[in-house]
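Accompanying notes for the structure given below.
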Amino acid sequence: MKSLAFVLASAGLLAGCAARPVATAASYAPGVPASARSFAVNAAADDDSKAAARQVEARLRQLGYAPAASNPDLLVEVSMAERARGVGAFTPGCTAPDWTARSGKKWLMGGGTVQTLNVRVLDAHTSAPVYQGSASLRARSGSAEEHIAVLTAAALPGDPRQAATAPAPSRC
C-alpha cells in the first residue's frame, strides 16, 4: 500500500514538472472588429511555420472564424522559431526581437530547445495590427512539430476579440 502511494506521489510530481508554454496575448486598439468573421493565413516559408499555420487555422475555425480565399476581414501571420536553449536574452528590435547570447561556453542542465510560436493578426482593410499572441516552450525532447498544438492553444487562448488590450507596437 505504501509503495502504491509512493508511485502515485511520484507520478504527480513528474506531471507537475511537464513543460508548459509561457504565453502572452493582447489586442491592440481599436482591437479586432466585432464584425470580423473571415481570415487568411500567411505563414513563414519554413516547414514548422507551415505546420503551425494549419493548427492556427484550425483553432480560428473553432473560435467561429471562417477562412476566405478573397477579401478576408483579418490577415493572420504565423511564424515558428526553434533555437538551442542557452544563456542570453531577447533584445527589442524594429522588425523582431534579436537573441543575444553571452560569450563563452555554457553548460546547461538538460539542454534542449526553446520553441516559439508567434501569431499576429492584422485588420485586412487597414493593415493595422489588432492582435498579437506568442507562446514559448522549453523542451528537453521532441521537435517543434510535436509541440505546435500546445503552443497554438497558448498563443490563441480564446477569441482575439475578447483579449486584453495593450499599447500598440511602436513603428520603427
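Keep in mind that the numbers below use all heavy atoms, side chains included, and drop hydrogens, waters and symmetry copies.
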Can you tell if the side chain of [X] reaches within under 4.5 Å of the side chain of [Y], non-hydrogen atoms only?
X	Y	answer
V121	L75	no
P160	V130	no
S134	T116	yes
M80	L151	yes
L74	Y131	no
K50	D48	no
E77	N118	no

* Let me see the working for L137 and V114 under side-chain contact (heavy atoms from CB on, under 4.5 Å), right down to the final yes or no. => CA-CA 6 Å; L137 179 69; V114 176; over 6 Å; no

* To do: Go through the structure and list residues passing side-chain hydrogen bond (donor to acceptor under 3.5 Å, both in side chains) with T165, not counting sequence neighbours.
  =>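 Per chain and number, T165 pairs via side-chain hydrogen bond (donor to acceptor under 3.5 Å, both in side chains) with no residue.
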
* To do: Report the residues that fulfil side-chain hydrogen bond (donor to acceptor under 3.5 Å, both in side chains) with R59, sequence neighbours left out, ordered by chain and then residue number.
  =>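 Expected list: Q62.
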
* To do: Nearest 0.5 Å please: distance from the CZ atom of R20 over to the CZ atom of R138.
  =>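 Rounded to the nearest 0.5 Å, the CZ-CZ separation comes to 13.0 Å.
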
* **From D123 atom CG to Y28 atom OH, the distance as rounded to the nearest 0.5 Å** =>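 Going from the CG atom of D123 to the OH atom of Y28 covers 15.0 Å.
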
* Structure fact -> salt bridge (charged side-chain N to carboxylate O under 4.0 Å, His left out) pairs touching residues 124-134, sequence neighbours excluded, are none

* Scan residues 60-72 for pairs that pass salt bridge (charged side-chain N to carboxylate O under 4.0 Å, His left out), counting only residues two or more places apart or in two chains. => E57-R61

* Stepwise side-chain contact (heavy atoms from CB on, under 4.5 Å) check, L122 with R120 -> CA-CA 7 Å; L122 306 171; R120 186 171 168 224; 3.7 Å; yes

* Results of side-chain contact (heavy atoms from CB on, under 4.5 Å) for Q55 - residues two or more places apart only ->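 Here the qualifying residues are I148, A149, T152.
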
Listing, residues 34-42 side-chain donor-acceptor contacts under 3.5 Å, not counting sequence neighbours, or none:
unit_1	atom_1	unit_2	atom_2	d
S38	OG	D73	N	3.0
S38	OG	D73	OD2	3.3

* Asked: Counting distance only, does the side-chain N/O of D46 pair as donor-acceptor with the main-chain N or O of S49 below 3.5 Å?
  ->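 Answer holds: yes.
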
